[in-house]
Amino acid sequence: MSKDITIRLVSPAGRSRVVLPATATFADLQADVKTRLGVEPADQRFALDPGGKQPIAGAPSATLAELKIANGTQLHLVNKEASIAGQVLTKVPVSVSPEAPVSKDAGAAGSSAAGSGSASSSSAPASSSKETKAVSSSDGKKVDPKFQTFDSFIRGRRYDTGALPGSQKYVTAKIKKGGMIKLPPSVSIKQQPYRHIDTLSVINVPEVENFIGYWNGFLLENAMQRVGWMYGYYLEDNNYDEGTRAIMEGIYEPPQEMVGEMAIPLENDPRLEKVDRIAESCGLERIGWMFTTLLLDDGVLLCPDEVIRIARLQNENSSDRHFTKYRLSKFVSCAVRPDPEQGGSPGINPFMVSEQACAMVRDGIATTSPADRRHVLVREAAPDESIPDFVVEGSSNKKIATDFFVVRVNDTAPKKHQRMFTHAEFPRENRPTHPQKRDDLKKYFQRVPKSEPSWSRFADFHLLLYIAQEIDMDTACIIGNCVRDRQEIPEGVMMIINQITQ
């Protein structure tokens with residue numbers, strides 16, 4: 001039996017994963033919630049549902065097991081006044097030492113050095129090297145020379161987010177004859193010094209191998225691409241100071257079509273809502289997307305169309321749940337393209353784009369041209385319109401190299417890991433060359449050893465999606481809960497499945 005249990009906590013401030021010892025008491029849970037959300041134990045009201053109709057309460061000394069709180073249980077903190085804003089007050093103040101007086105010569109030298117350092121760290125575009133090497137600080141945490149973690153970055157700014165790109169509006173001005181014109185302020189394009197996701201961990205390696213294998217074996221020869229929504233969860237990344245790690249457990253391949261050289265998911269996918277519900281029953285959520293692409297020009301990390309598409313997805317999957325109420329996104333994009341360093345074999349490259357790119361897309365400023373594969377363009381102004389002037393490396397420019405907008409994310413595939421889904425053999429959905437058939441269910445259970453626990457035999461993401469589609473959603477969610485909690489499948493559900501597979 002595991003020594004720890006994980007509780008999925010949902011509150012007005014967002015979602016959290018609370019990890020406590022299996023012997024923990026209700027008081028331990030209350031203390032953890034107070035630390036996270038600033039709500040006093042006496043004021044905390046827990047329930048199994050958002051409306052509070054299934055309350056959870058007990059003596060502080062009662063164990064979580066006695067309260068029927070097991071590994072993977074989703075608890076709702078239903079206090080309307082609960083807010084994570086109180087955490088701002090618990091942050092350690094940043095002390096600022098008074099500057100020592102310096103001579104004019106020393107001051108000039110210092111400002112020159114600082115200016116060159118600032119230019120290299122904030123203005124220079126992202127390096128095209130495969131990976132940025134991190135070094136360790138005095139406390140043992142990794143320090144990425146290009147990107148700070150977001151919370152570490154704003155801690156140095158005393159948690160002031162008002163000047164960050166996500167808080168800016170790139171508005172245009174209307175030109176009127178005979179009247180005064182207030183020109184919009186110019187915008188300096190800089191490399192983003194922080195990131196919201198530090199590492200993408202591919203826990204379910206067979207899932208990614210299947211996705212890449214289908215593209216490489218059946219679609220690539222016809223110049224067709226493939227996309228999939230990544231499902232998983234977020235954890236603290238202890239390798240970095242207040243870092244965040246995205247864990248990938250499954251990929252759903254939606255109905256899609258080719259638009260130019262990119263595969264694009266069709267709008268209004270009728271199954272997407274079901275997929276989200278199945279993922280939630282397993283304790284997962286949509287964390288990003290994976291897309292295949294041909295090899296880009298030398299030194300280019302993302303082409304202009306990819307930057308625009310990623311920025312739109314980050315805008316669509318953003319929230320203000322951060323304790324500062326700053327709106328941000330943790331939606332990761334993972335490009336799969338041939339890697340020359342591996343003899344042309346496909347490699348995965350996780351990215352995000354900067355909040356400056358997201359703001360430009362949000363406000364309708366950024367565009368692309370098929371003739372330019374290296375630059376995002378500032379759109380032309382209408383006859384009666386004035387657009388902000390965008391400054392790149394000290395001069396006005398309507399062509400911005402895509403590398404200025406790239407935020408690199410580390411990727412890992414742990415050698416020792418316990419993935420949520422023990423199987424990845426069930427046929428994928430929405431593959432035109434390999435459509436799912438009713439007989440697939442019978443063949444799947446014939447291949448899976450009967451000696452496995454019942455939850456393990458059903459622990460295949462695509463099997464659960466198929467059951468939701470062909471049987472019903474409630475049955476699939478019950479099985480998803482069992483897979484999450486590592487519990488045996490109820491006898492009634494097993495009877496339904498056995499009748500179909502016999």
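Once rounded to the nearest 0.5 Å, the distance linking CG of D460 with OG1 of T422 reads 8.0 Å. To the nearest 0.5 angstrom, I478 atom CD1 is 9.5 Å from I489 atom CD1.
Tested against I7, the residues L64, D32, V33 include a single side chain to side chain contact (heavy atoms under 4.5 Å, CB included) partner, L64. When each of H462, R428, R226 is tested with E253 by the rule side chain to side chain donor-acceptor pair (under 3.5 Å), just one qualifies, namely R226. Under the side chain to side chain contact (heavy atoms under 4.5 Å, CB included) rule, N216 has a single partner from S345, P346, P338, which is P346.
By the neighbour-count criterion of 12 heavy atoms within 6.0 Å, atom CD of E491 is sparsely surrounded, having that number or fewer from other residues, nucleotides or ligands. More than 12 heavy-atom neighbours from other residues, nucleotides or ligands sit within 6.0 angstrom of CZ on R431.
Judged by distance alone, the side chains of Y214 and T433 do bring a donor and an acceptor atom under 3.5 Å apart. Side-chain contact check for D151 and Y159: no donor-acceptor pair (N or O, by modelled atom type) lies under 3.5 Å. No hydrogens or angles considered: nothing links the side chains of H76 and Q54 as a donor-acceptor pair under 3.5 Å. Between the side chains of H423 and E452, at least one donor N or O lies within less than 3.5 Å of an accepting N or O.
Aromatic ring pairs are classed by plane angle as parallel below 30°, tilted from 30° to 60° and perpendicular above 60°; the pair F218 and H434 is perpendicular. Relative ring orientation between F291 and W289 is described as parallel, the plane-to-plane angle staying below 30° on a 0-90° scale split at 30° and 60°. Classified by interplanar angle (parallel below 30°, tilted 30° to 60°, perpendicular above 60°), the ring pair H322/F150 is perpendicular.
Note on E242 versus R155: salt bridge recorded, some NZ/NE/NH1/NH2 to OD/OE distance being below 4.0 Å. For the pair E280 and R484, the salt-bridge criterion is not met [side-chain N within less than 4.0 Å of a carboxylate O]. No salt bridge links E285 with R8; every basic N to acidic carboxylate O contact stays at or beyond 4.0 Å. Taking the charged nitrogens against the carboxylate oxygens, D439 and K443 do have a contact shorter than 4.0 Å, which makes a salt bridge.
Side-chain contact between N204 and M420 is absent, with no heavy-atom pair separated by less than 4.5 Å. Looking at M352 and R195, their side chains never come closer than 4.5 Å, going by heavy atoms from C-beta outward. Proximity of L29 to Q44: side-chain heavy atoms (C-beta onward) are nowhere separated by under 4.5 Å.
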Report, one line per pair, each donor and acceptor closer than 3.5 Å where one atom sits in a side chain of residues 260-268; sequence neighbours left out.
| from | atom 1 | to | atom 2 | distance (Å) |
| --- | --- | --- | --- | --- |
| E261 | OE1 | R373 | NH2 | 3.3 |

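Heavy atoms only, all atoms of each residue included: I251 and G228 are closest at CG2-CA, 3.8 Å. Closest approach of V353 to C358, counting heavy atoms only: CG2-SG, 4.0 Å. When all heavy atoms of N71 and T6 are compared, the closest pair comes out as OD1-N, 2.7 Å. When every heavy atom of V300 is checked against every heavy atom of C303, the shortest pair comes out as CG1-N, 4.2 Å.
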Item checked: Test side-chain hydrogen bond (donor to acceptor under 3.5 Å, both in side chains) applied to Y231 and E207, step by step -> CA-CA 11 Å; Y231 285 84; E207 183 85 341; over 6 Å; no

Item checked: Verdict with supporting geometry, D28 and T25, side-chain hydrogen bond (donor to acceptor under 3.5 Å, both in side chains) -> CA-CA 5 Å; D28 296 329; T25 64; 3.2 Å; yes

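Checked against the 6.0 Å centroid criterion, the rings of F426 and F445 do not qualify as a close aromatic pair.
With sequence neighbours excluded, the residues forming a side-chain hydrogen bond (donor to acceptor under 3.5 Å, both in side chains) with D269 are Y252, listed by chain and number.
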